[in-house]
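Reviewing the structure listed below.
The basis for the numbers below is simple: all heavy atoms, side chains too, and nothing from hydrogens, waters or symmetry mates. Owing to the predicted nature of the structure, the values given are computational and were not obtained by experimental measurement. When a ligand or atom number is given, it counts from 1 through the structure's own listing order.
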Amino acid sequence: MTVTTRRVKTGCEGLDEITRGGLLEGSATLVEGSAGTGKSTLALQFIMQGVKEGEHGIVFTFEQYPEQYYDCANELGWDLRSLQNEGKLQIIFTTPEEFLDEIDDPEGKLAKIVAERNTKRMVLDSITHFEKLSKDIGHLRSIETEIVNGVKREGMTAIFLKENSNVLGKWDVSMNKIPFIVDTYILLRYLEMESEIKRCMMVLKMRGSDHDKDIREYKIEKGGLQVGEKFTGVSGIFLGTGIQVRPAKAVR
Ligand SMILES: Nc1ncnc2c1ncn2[C@@H]1O[C@H](COP(=O)(O)OP(=O)(O)OP(=O)(O)O)[C@@H](O)[C@H]1O
Ligand SMILES: [Mg+2]
């Protein structure tokens, strides 16, 4: 399956604006952010947009507590259990090892679900869990490439989540090779400004499309991430500490 120019709306209006209409169909996107920045929320927003459009979505999660996963989604206004019972989406709690077995097998369980349901959207929450499978950077990269290629083979538009253990300040990205493998790379970051922690979103790369280079503030509310205007008059955001260099415009 190749990446087409058809756009897949993410359900996050601001992100669709930044990406000039949404993700490219069949593409792989990495969303990287520190703990609590809203990675899972954005990913579920993308799956819920699929539900709205009648497109089946599948979430693989390696979190150990299904109850907590469903409860967090409930807080955001999404009853995943009911939607799952209605066959509109599927949440699969599994292990990295099992997932790899499945993605490797073009006739396995995953391929079967995708074929039966005509699954269009997939989320992996999170790809960070695969890091425990190998300490060798080269081997890890081949595992990650296998995952991205496997998902593309199934023809889905995919979002991979990646945890970053740095909260503020410079990010340690020495082990981070996935951005090179994926088509689109989105960062969710905390920003310290005037004794307040804000959240900001930026798209760093998007193969096959232009995108806005703005760094935008967002808030998490019922329904997901609400993206505002770009920060103006601030510098140093990329380092996690914004310094006001001229008066800011109000965030809508
Ligand atoms: N209904 C809500 N209203 C406002 N904020 C909310 C709501 N539900 C969740 N949040 C915020 O979302 C944050 C967590 O979002 P989410 O679980 O998507 O983050 P994450 O990046 O996936 O976190 P982790 O790294 O722990 O997996 C919470 O810390 C909380 O601040
Ligand atoms: Mg999460």
Side-chain angles (χ1 to χ4, degrees), residues 10-16 18 23 29-51 57-84 89-96 99 121-132 147 158-169 171-173 175-176 178-179 182 184-193 195-204 215-228 237 240 251-252:
T10 60
C12 175
E13 231 173 81
L15 179 56
D16 290 343
I18 298 172
L23 304 176
T29 296
L30 183 70
V31 175
E32 178 165 359
S34 338
T37 42
K39 301 179 293 296
S40 301
T41 303
L42 180 61
L44 283 176
Q45 221 168 329
F46 163 75
I47 293 292
M48 290 305 299
Q49 179 63 27
V51 170
I58 191 163
V59 177
F60 288 93
T61 177
F62 311 106
E63 306 291 337
Q64 287 169 359
Y65 305 105
E67 287 309 318
Q68 199 179 353
Y69 205 83
Y70 289 117
D71 287 351
C72 287
N74 262 327
E75 276 298 305
L76 292 154
W78 302 318
D79 183 353
L80 300 182
R81 272 186 214 283
S82 299
L83 292 167
Q84 186 157 249
L89 54 80
Q90 192 145 0
I91 315 282
I92 299 182
F93 296 87
T94 183
T95 62
F99 178 85
R121 298 173 182 233
M122 202 212 79
V123 164
L124 203 63
D125 189 357
S126 68
I127 201 159
T128 313
H129 284 80
F130 290 84
E131 284 173 11
K132 70 173 187 195
I147 296 169
I159 292 187
F160 301 95
L161 305 185
K162 179 161 175 35
E163 291 152 20
N164 190 302
S165 45
N166 302 91
V167 175
L168 292 166
W171 277 14
D172 177 13
V173 290
M175 284 281 287
N176 199 352
I178 319 175
V182 294
T184 303
Y185 183 31
I186 300 171
L187 287 188
L188 301 182
R189 287 213 63 170
Y190 290 115
L191 164 67
E192 179 202 343
M193 256 180 85
S195 308
E196 202 186 317
I197 299 296
K198 295 177 185 286
R199 290 177 164 109
C200 60
M201 172 189 287
M202 54 199 112
V203 174
L204 292 186
I215 300 178
R216 304 249 207 135
E217 183 173 4
Y218 66 91
K219 298 196 182 324
I220 304 178
E221 295 168 5
K222 241 188 168 53
L225 270 57
Q226 296 295 332
V227 181
I237 294 177
V251 169
R252 89 174 164 214

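- The shortest heavy-atom contact between Val123 and Phe46 is CG2-CD2, 3.9 Å.
- Near Glu75, with a cut-off below 4.0 Å to any heavy atom, the atoms of ligand 1 are 1 (N).
- Of all protein heavy atoms, the one closest to atom 4 (C) of ligand 1 is Ile220 O, 3.0 Å.
- Residues Ile147 and Phe130 form a side-chain contact, since some pair of their non-hydrogen atoms from C-beta on lies under 4.5 Å apart.
- The distance from ligand 1 to the heavy atoms of Thr41 drops below 4.0 Å at these ligand atoms: 15 (O), 16 (P), 18 (O).
- For the residues Gly223, Ser126, Ala43, Ser40, the heavy atom positioned nearest atom 22 (O) of ligand 1 is part of Ser40.
- At a threshold of 2.8 Å, the Mg ion (ligand 2) has no backbone or side-chain N, O or S atom of Ser126 nearer than that distance.
- Summarising the geometry of Asp125 relative to Ser40, their closest heavy-atom pair is OD2-OG, 2.8 Å, with the distance given to 0.1 Å.
- For the ligand labelled ligand 1, residue Cys72 lies outside the 4.0 Å heavy-atom shell.
- Counting only non-hydrogen atoms, the option in Lys162, Arg199, Lys39 that gets closest to atom 29 (O) of ligand 1 is Arg199.
- Under the 4.5 Å side-chain criterion, counting only non-hydrogen atoms from C-beta, Leu191 is not in contact with Glu217.
- The protein heavy-atom contact nearest to atom 26 (O) of ligand 1 is Gly36 N, 3.8 Å.
- In this structure, Lys39 and Val31 approach most closely via the heavy-atom pair CD-O, 4.1 Å.
- For a threshold of 3.5 Å applied to N or O pairs, the pair formed by Leu76 and ligand 1 contains no separation below that value.
- Put simply, the side chain of Leu124 reaches to within 4.5 Å of the side chain of Phe62, judged on heavy atoms.
- Among all non-hydrogen protein atoms, the one lying nearest atom 19 (O) of ligand 1 is Gly38 N, 3.1 Å.
- Taking all atoms of both residues into account, the shortest heavy-atom contact from Leu83 to Met48 is CD1-CE, 3.5 Å.
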